[in-house]
Amino acid sequence: MRVLSRDIAKHIGKKVEIQGWVHKKRLLGGLTFINVRDRSGLTQVVIQDKDEVEKLRGLQIGTVLVVTGTAVEESRAPGGAELHDPMLTVMTSVTDEPPIEIDKPLGHKPDNLDTLLDNRPIGLRNLQETAIFKVQAKVLEAFRNFFADNDFTEINSPKLLAEATEGGAETFKLDYFGKTATLAQSAQFYKQMMVGVFERVYETNPTFRAEPSATTRHMTEYITIDAEIGFIDFEELLNYAGNCLISVVQAVQKDCAAALKMWNVPEIVLPNVGEKIPRLTITEIHDKFVKATKEDHTSEDDLAPAEERWVCDYAKKNLGSEAVLVTGWSSQSKTFKFYHRANEENPELADRADLLFRGVEITTLSMREHRYDRLIAQLKANGGDPESPGYAPLLSVYKYGMPPHGGWGWGLERTVQKLLGLSSVKEASLFPRDINRLAP
RNA sequence: GGGCCUGUAGUGAAGAGGCCUAUCACGUCUCCCUGUCACGGAGAAGAUCGCCGGUUCGAAUCCGGUCAGGCCCGCCA
């Protein structure tokens, strides 16, 4: 009966069997320590019998073992317990040394990112790398909990589409039995349609962008946490997003303390649950940024990357939050998409915001235009054809009754990147895809 | 797409015209070591310095090209 490393301390004095990978060997002559890795962590095994040690001769880290031994309480052992008088059985022997070290932190210098990613299948066994994806899993779990608590239904929309319609990002095209298909650049239209069915929906799926972006925050495939909420106003939408971020961060702080420590994450400065994420308009940020840096972006209708970094730092120092909701977007610029809704009192502005966290945009949220006639007018003004098969299914739901609604697209990897202070978003993806990487 | 930068054993780094027959650390191999946890000690193997060409008496080092990456900007989330 297999016992996991995390449960060794519950079996003190008993003979137990563990199964896992050799993670580290330390030979001290008459005494040998090995660490055996399983899904719950490491077990220290103390070997004194020379014949047992000999079984490991020539075998490398990664060798898969069955070890039976006596669980012993030992204050000098990591975790307070270890296995004594072990009997080793090699399940899978490994004679090749790993191409990348797995028993100590790997370098994350940008210059060496390529090596790190080329060796991903093995490098991810490094516990520091594993921790990134434990955090990612926790983030996803926290999102799901947030959505469940708020009565959302999880959906999965198709990623193979007939044509690109949303506008904005470039799409990937591929052969589809002689026709051209595109990979979904977002779940936008489908989640909007599903508001007419479920009111509140979300999905956590990949999305594909054929943008030639070569930066530390872009990938061609990434996971978005897409949410869409019916019967909501802009103010409520902003609060939903803010509360969602806070609850996700708190879940990570509560359950991933070891990972945060491993990555030397400084204290995360955010408001408490129920309090509001600070809001600043684009204009306010432009003005403050000019004063602080003499760098002028006041004529632009979007924030420059340097402004995004600066304003999060500013808010951390002055507003008690490393997250900022950026409002005050123009409804007259190309940042305004045809399905966005202009503000009722000030039609020059859009009911739209970006959520910035630790210097990067992690979420875009907006209210959608739900009034059929206005939506058609906005689409036409944008050059779109309401009769085209790309728009007709979406438009039909507005014809047959949609409430005011809004939602967001939230970048999972960016969130994890910023949570752990990783230098590139690619480090927060198991197998990242970018402009020049398609493997592994 | 534009600008700037990098490429040296499996991994990470040093070397910036001759001291290079290329140095160090980790890893690997052999030996010693009974409380290690980035164990320690002694020794060994492992690199035609990304590739092609040029300058030079002499190139890891300078120049040109090329390939592979990175960072910032643009685009975009």
Side-chain angles (χ1 to χ4, degrees), chain A residues 23-35 42-50 53 57-61 72 74-79 82 84 94-119 122-123 126-128 166-171 185-188 206-226 295 297 300 302-306 308-309 334-335 337 354-357 360-366 408-415 417 423-426 434-437:
Chain A
H23 193 72
K24 181 71 184 174
K25 289 192 274 188
R26 272 185 280 272
L27 290 79
L28 277 68
L31 190 63
T32 293
F33 296 96
I34 62 169
N35 290 328
L42 300 177
T43 303
Q44 175 161 285
V45 178
V46 185
I47 313 171
Q48 289 181 285
D49 185 336
K50 295 256 188 259
V53 177
R57 181 175 287 270
L59 297 183
Q60 302 294 332
I61 282 169
V72 173
E74 170 57 73
S75 61
R76 289 171 294 183
E82 62 188 10
H84 282 193
V94 174
T95 50
D96 296 303
E97 58 181 298
I100 195 159
E101 292 179 57
I102 66 164
D103 62 328
K104 65 183 58 171
L106 292 170
H108 274 247
K109 262 180 60 180
D111 284 351
N112 304 324
L113 191 59
D114 217 33
T115 308
L116 187 73
L117 297 178
D118 282 345
N119 293 298
I122 311 306
N126 187 297
L127 295 184
Q128 190 141 357
E166 192 193 326
E170 284 294 315
T171 54
Q185 57 162 301
S186 83
Q188 187 61 40
T207 152
F208 306 90
R209 305 273 164 107
E211 294 295 333
S213 303
T215 79
T216 53
R217 65 206 127 87
H218 289 91
M219 295 189 287
T220 49
E221 174 179 351
Y222 65 101
I223 304 291
T224 44
I225 294 140
D226 267 295
E295 202 181 313
H297 293 278
E300 295 166 21
D302 197 350
L303 294 181
E308 295 182 345
R309 291 187 288 267
K334 66 177 160 59
T335 63
K337 293 181 180 171
D354 275 5
L355 177 58
L356 271 36
F357 178 56
V360 76
E361 174 193 335
I362 57 170
T363 315
T364 297
L365 52 155
S366 81
W408 66 64
W410 193 310
L412 173 65
E413 296 91 340
R414 282 187 179 182
T415 304
Q417 177 203 351
S423 54
S424 168
V425 70
K426 291 161 202 171
D434 66 27
I435 191 164
N436 39 32
R437 176 176 289 278

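Residue numbers start from 1 in every chain, and the chains themselves are labelled A, B, ... in the order their sequence lines are given, proteins ahead of strands.
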Review point. Are the side chains of Leu113(A) and Ser424(A) in touch, meaning some heavy atoms are under 4.5 Å apart?
Key: yes
Check your understanding: Any idea which heavy atoms bring Ile61(A) and Val94(A) closest together, and the distance?
Key -> O-CG1, 4.0 Å
Review point. Which part of the nucleic acid, if any, lies within reach of His108(A) when heavy atoms closer than 4.0 Å are counted: base, sugar-phosphate only, or nothing?
Key: nothing
Check your understanding: Distance check: side-chain N/O of Thr32(A) vs OP1/OP2 of rU34(B), anything under 4.0 Å?
Key -> no
Practice item. Quote, to the nearest angstrom, the P distance that separates rG12(B) from rG50(B). Key: 14 Å
Practice item. Report the distance from atom NZ of Lys104(A) to atom C1' of rC37(B), rounded to the nearest whole Å. Key: 12 Å
Exercise for review: Could you tell me whether Leu27(A) contacts a base, only the sugar-phosphate backbone, or nothing, with contacts defined as non-hydrogen atoms closer than 4.0 Å?
Suggested key: base
Point to revise | Non-hydrogen side-chain atoms of Tyr222(A) and Arg209(A) separated by less than 4.5 Å | key: yes
Exercise for review: Give a yes or no on whether a donor-acceptor pair under 3.5 Å exists between the nucleobase atoms of rC76(B), that is its base, and the side chain of Ser213(A).
Suggested key: no
**Study point:** Rounded P spacing from rU21(B) to rU61(B) in Å
**Key:** 14 Å
Check your understanding: Looking at CG of Leu106(A) and CG of Asn126(A), how far apart are the two atoms once the value is rounded to the nearest 0.5 Å?
Key -> 4.0 Å
Practice item. Could you give the distance separating rC75(B) and rA13(B) at their C1' atoms, to the nearest angstrom? Key: 36 Å
**Study point:** Separation of rG12(B) P from Asp118(A) CG (nearest whole Å)
**Key:** 10 Å
Review point. In B/S/- notation, 5' to 3', how is nucleotides 66-72 of chain B contacted by protein heavy atoms closer than 4.0 Å?
Key: ---SSSB
**Study point:** Test item: side-chain donor near acceptor, Thr364(A) and Asp354(A), under 3.5 Å
**Key:** yes
Exercise for review: Starting at atom CG of Asn112(A), determine the distance to atom P of rG12(B), rounded to an integer number of angstrom.
Suggested key: 5 Å
Point to revise | Nucleotide forming a Watson-Crick or wobble pair with rU56(B), both distances under 3.5 Å | key: none
Point to revise | Phosphate contact (rC37(B) OP1 or OP2) by Lys25(A) side-chain N/O below 4.0 Å | key: no
Point to revise | Candidates rC75(B), rA13(B), rG10(B) - which lies nearest the side chain of Glu211(A) | key: rC75(B)
Practice item. Report the base-pairing partner of rA38(B) (Watson-Crick or G-U wobble, both distances below 3.5 angstrom), or none. Key: none
Check your understanding: Can you tell me how far P of rU11(B) sits from CD of Glu101(A), to the nearest Å?
Key -> 10 Å
Point to revise | Working for side-chain contact (heavy atoms from CB on, under 4.5 Å), residues Thr115(A) and Lys109(A) | key: CA-CA 10 Å; Thr115(A) 308; Lys109(A) 262 180 60 180; over 6 Å; no
Check your understanding: On a whole-Å scale, what distance lies between the C1' atoms belonging to rC29(B) and rA68(B)?
Key -> 32 Å
Practice item. Answer yes or no: does a side-chain N or O of Asn35(A) lie under 4.0 Å from OP1 or OP2 of rU36(B)? Key: no
Exercise for review: Using the C1' atom on both, measure rG17(B) against rU55(B) and round to a whole Å.
Suggested key: 12 Å
Exercise for review: Kindly say if Lys334(A) contacts the phosphate of rC76(B), meaning a side-chain N or O under 4.0 Å from OP1 or OP2.
Suggested key: yes
Check your understanding: So does Gln60(A) get a side-chain nitrogen or oxygen closer than 4.0 Å to the phosphate oxygens (OP1/OP2) of rC29(B)?
Key -> yes
Review point. Which one, rC76(B), rG74(B), rG35(B), comes nearest to the side chain of Pro212(A)?
Key: rG74(B)
Review point. Under 3.5 Å, is there an N or O donor on one side and an acceptor on the other linking the side chain of Glu82(A) and the base of rG35(B)?
Key: yes
Exercise for review: Using the C1' atom as the reference point in each nucleotide, state the distance between rC49(B) and rC20(B) in Å, no decimals.
Suggested key: 11 Å
Check your understanding: Is it true that Lys426(A) and Asp114(A) make a salt bridge, defined as a side-chain N closer than 4.0 Å to a carboxylate O?
Key -> no
Review point. Once you round it to whole Å, what is the distance between P of rG74(B) and NE2 of His218(A)?
Key: 10 Å
Review point. Does rG12(B) have a Watson-Crick or wobble mate here (both distances under 3.5 Å), and if so which one?
Key: rC24(B)
Check your understanding: What integer number of Å spans the P atoms of rG27(B) and rG18(B)?
Key -> 33 Å
Check your understanding: How far does the C1' atom of rG1(B) sit from the matching atom of rG15(B), given to the nearest Å?
Key -> 37 Å
Revision key, fill the gap. Whole-Å distance, Leu116(A) CG to rG10(B) P, equals 18 Å
Review point. Whole Å only: how far is the CZ atom of Arg57(A) from the P atom of rC29(B)?
Key: 9 Å
Check your understanding: So which nucleotide does rA45(B) pair with, by the Watson-Crick or G-U wobble rule with both distances under 3.5 Å?
Key -> none
Exercise for review: Using both distances under 3.5 Å as the test, list the Watson-Crick or G-U wobble partner of rU66(B), or none.
Suggested key: rG50(B)
Review point. Can you tell me how far the NE2 atom of His297(A) sits from the CG atom of Leu303(A), to the nearest 0.5 Å?
Key: 9.0 Å
Practice item. Using side-chain contact (heavy atoms from CB on, under 4.5 Å) as the criterion, point out the one residue from Ile223(A), Ile362(A), Asp226(A) that pairs with Trp410(A). Key: Ile362(A)
Practice item. Looking at every strand, decide which applies to Pro78(A) at a 4.0 Å heavy-atom threshold: base, sugar-phosphate, or nothing. Key: base
Review point. Does Leu127(A) reach the side chain of His23(A), with side-chain heavy atoms less than 4.5 Å apart?
Key: yes
Practice item. Provide, to the nearest angstrom, the distance between the CD atom belonging to Glu413(A) and the C1' atom belonging to rC76(B). Key: 15 Å
